[in-house]
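One-based numbering, in listed order, for ligands and for the atoms of each. Not measured: the values here are computed from a predicted model. Positions are given from 1 along the sequence.
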Amino acid sequence: MTFRPPKGTDDILPPASSRWDDVLVSFDRLATAYGYEPVFTPIFESTEVFERGVGENTDIVGKEMYTFTDRGGRSLTLRPEATAGVMRAHLATGGAGVAKFYYSGPMFRYEKPQAGRRRQFWQVGIEYLGQDSPLADVEVIEAGARFFTEIGLPALEVRLNSLGDAASRARYRDVLVEYLRDHQQSLSDESQRRIDTNPLRVLDSKLDRDVVAGAPAPVEHLTAAAADHYAAVKEYLIRVGVEFREDPRLVRGLDYYTRTVFEYIAGRLDAAQDAVGGGGRYDGLAETLGGKSVPAVGFSLGIDRIMTALSGESPPGCLDVFVILADETLQGDAFEYLSRLRRAGVSADMDLGGRSVKAQFKAADRRRARVAAVVGAEWAEGQVTVRDMVKGEESLMGADQLIGAAGGLA
Ligand code: HAM
């Protein structure tokens with residue numbers, strides 16, 4: 001009997017797993033270059049962290065959480081996202097000053113599984129805590145856009161909007177509710193229910209496009225301070241060369257946002273799952289979690305969707321050198337040589353099963369080695385035959401010389 005992974009989850013196996021790893025490593029490098037430090041928070045939290053943080057009237061909290069009672073009678077939830085947990089951790093240390101965090105890990109949402117909508121999915125993200133300046137919003141949005149450029153994701157669009165500060169949001173909510181009540185008859189059942197619980201989410205409804213098209217937009221009801229903040233974000237995005245498109249209907253599926261919100265859209269994906277990342281400012285989250293006021297902005301990117309959008313791009317090489325044994329009396333020498341390559345920082349492997357040279361070349365190909373180094377007749381002269389696995393060209397090379405050269409192959 002064999003088991004399949006649970007519904008909505010995936011095994012990530014070679015060769016895809018190497019690609020994932022490359023993308024995750026690129027993200028760590030980029031976040032570090034922007035001055036962010038890693039943070040690791042628990043994969044489960046008290047359910048209340050998400051009920052309060054993400055919002056009780058959101059789809060995530062209402063119907064998508066993996067919530068369970070532990071043996072001690074506590075209600076716990078597998079994290080559906082990381083921002084609330086990161087803020088909780090920051091507040092637990094006092095919540096003072098500026099903190100710049102990045103993270104990477106699995107998140108869990110009980111969704112109807114389909115391509116790009118998984119029950120366990122991987123997010124990377126950054127959170128810039130304790131900074132009110134619009135330049136922090138710009139830094140965060142720019143970092144995400146730069147990441148997509150670095151990994152070669154084609155046709156990316158940045159969509160931008162402002163929901164306003166707490167005062168603008170209260171003002172806007174009244175105007176929106178009035179408009180929705182006037183059009184109640186034309187709304188879907190779900191949107192009618194949301195008029196009282198979460199009217200902003202109606203703007204996101206795919207079933208109510210006509211009513212939504214005529215609805216007032218949050219940007220039309222910003223306070224002067226919120227409008228200034230939004231104007232500064234746009235001005236500096238232009239100055240740092242990030243192209244964006246304003247989308248006055250962009251609202252997000254989490255309740256904690258104030259002022260700036262944004263999404264990264266990949267042109268290559270189906271419209272329903274084309275957001276490869278999203279984020280925004282969440283100045284009220286810290287207080288919602290019972291802490292002091294901590295202005296903050298951040299994003300999370302969905303690695304599963306990013307990998308789908310990247311598929312078709314050529315897979316990266318995996319190994320620098322695959323050692324091929326052409327004379328079985330040299331197995332000990334070849335193994336020692338393999339060890340020397342590895343100690344020199346060259347990624348290398350060989351087949352230990354005593355298979356034919358042809359089978360070993362096949363294995364080198366499958367492992368996407370850049371070169372194969374054959375240990376055989378010329379070994380006695382300190383030489384190996386090196387085959388470029390892409391071009392198919394062969395040459396003789398000193399075994400030591402290859403160790404030096406292979407480091408530069410990557
Ligand atoms: P989110 O929009 O819910 O925001 O998720 C961010 C990204 O995670 C999405 O754009 C998508 O690429 C990916 N994603 C979400 N759900 C799934 C799923 N079921 N399957 C596959 N991918 C998925 C957040 O999570 C916020 N924490 C973002 C943030 C950080 N805001 C401020 N800081």
Side-chain angles (χ1 to χ4, degrees), residues 7-10 12 20 23 27 31 36 39 41 45 49-50 53-55 58-61 63-66 78-88 90 99-129 131 136-137 139-141 143-144 147-148 153 156-159 163 201 204 250-266 268-286 294-310:
K7 193 172 172 188
T9 70
D10 304 284
I12 315 294
W20 274 63
V23 167
F27 182 77
Y36 292 79
V39 63
T41 60
E45 297 272 359
V49 169
F50 304 116
V54 174
T58 59
D59 281 352
I60 294 178
V61 172
K63 47 189 189 196
E64 294 173 1
M65 297 215 297
Y66 281 90
L78 297 185
R79 63 182 185 193
E81 61 103 50
T83 311
V86 168
M87 182 60 93
R88 180 205 49 67
H90 180 62
K100 296 176 70 174
F101 292 129
Y102 77 89
Y103 51 84
S104 174
M107 310 292 154
F108 306 86
R109 296 184 193 174
Y110 193 82
E111 306 228 38
K112 195 160 165 256
Q114 49 192 292
R117 202 168 283 281
R118 315 303 295 151
R119 290 184 171 171
Q120 175 173 329
F121 57 98
W122 197 282
Q123 280 186 348
V124 295
I126 60 178
E127 310 292 351
Y128 197 151
L129 310 181
Q131 184 52 263
D137 309 35
E139 173 180 301
V140 166
I141 297 171
F147 171 68
F148 287 119
L153 191 115
L156 182 87
E157 183 175 274
V158 179
R159 292 197 188 148
L163 301 178
R201 289 294 290 160
D204 220 16
L250 175 66
V251 289
R252 309 251 311 119
L254 306 97
D255 270 358
Y256 48 59
Y257 292 110
T258 49
R259 301 197 268 182
T260 316
V261 287
F262 57 92
E263 281 186 349
Y264 300 103
I265 307 293
R268 254 202 197 171
L269 298 178
D270 281 354
Q273 273 82 236
D274 60 359
V276 282
R281 214 168 233 294
Y282 46 96
D283 298 330
L285 174 61
V294 179
V297 56
F299 67 57
S300 312
L301 313 179
I303 297 297
D304 304 68
R305 290 186 191 177
I306 291 170
M307 296 319 295
T308 309
L310 282 177

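- Within the structure, ligand 1 lacks Gly253 among the residues with a heavy atom less than 4.0 angstrom away.
- Taking only nitrogen or oxygen atoms, main chain and side chain alike, Tyr103 does not reach within less than 3.5 Å of ligand 1.
- Put simply, part of Tyr257 is less than 4.0 Å from ligand 1, judged by heavy atoms.
- No side-chain donor from either of Gln120 and Tyr66 sits under 3.5 Å from a side-chain acceptor of the other.
- The atoms of ligand 1 that sit less than 4.0 Å from any heavy atom of Phe299 are 29 (C), 30 (C), 33 (N).
- Taking distance alone, with nitrogen or oxygen atoms compared against 3.5 Å, Glu263 stays at or beyond that limit from ligand 1.
- In this structure, atom 33 (N) of ligand 1 lies nearest to the protein heavy atom Glu127 OE1, 2.8 Å.
- Closest to atom 27 (N) of ligand 1 among all protein heavy atoms lies Glu81 OE1, 2.6 Å.
- Residues Arg252 and Glu263 are paired through a salt bridge, judged by an N-O separation under 4.0 Å between the basic side chain and the carboxylate.
- Considering both main-chain and side-chain atoms, Tyr282 never comes within under 3.5 Å of ligand 1 through any nitrogen or oxygen pair.
- The protein heavy atom nearest to atom 32 (C) of ligand 1 is Gly298 O, 3.3 Å.
- Remark: minimum distance from atom 12 (O) of ligand 1 to any protein heavy atom is reached at Ala275 O, 2.9 Å.
- For ligand 1 and Gly279, the ligand atoms under 4.0 Å from any heavy atom of the residue are 29 (C), 31 (N).
- Closest protein heavy atom to atom 1 (P) of ligand 1: Arg252 NH2, 3.5 Å.
- Taking 4.0 Å as the cut-off, Trp122 does not count as a neighbour of ligand 1 on heavy-atom distance.
- Contact atoms of ligand 1 toward Gly278: 10 (O), 28 (C), 29 (C) (distance under 4.0 Å to a heavy atom of the residue).
- Polar contact check, Ala82 against ligand 1: no nitrogen or oxygen pair lies under 3.5 Å apart.
- Using a 4.0 Å heavy-atom cutoff, Gly116 is listed among the residues neighbouring ligand 1.
- Listed by atom number, the atoms of ligand 1 under 4.0 Å from Gly277 heavy atoms are 10 (O), 12 (O).
- Interface atoms of ligand 1 facing Glu111, defined by a heavy-atom separation under 4.0 Å, are 16 (N), 18 (C), 19 (N).
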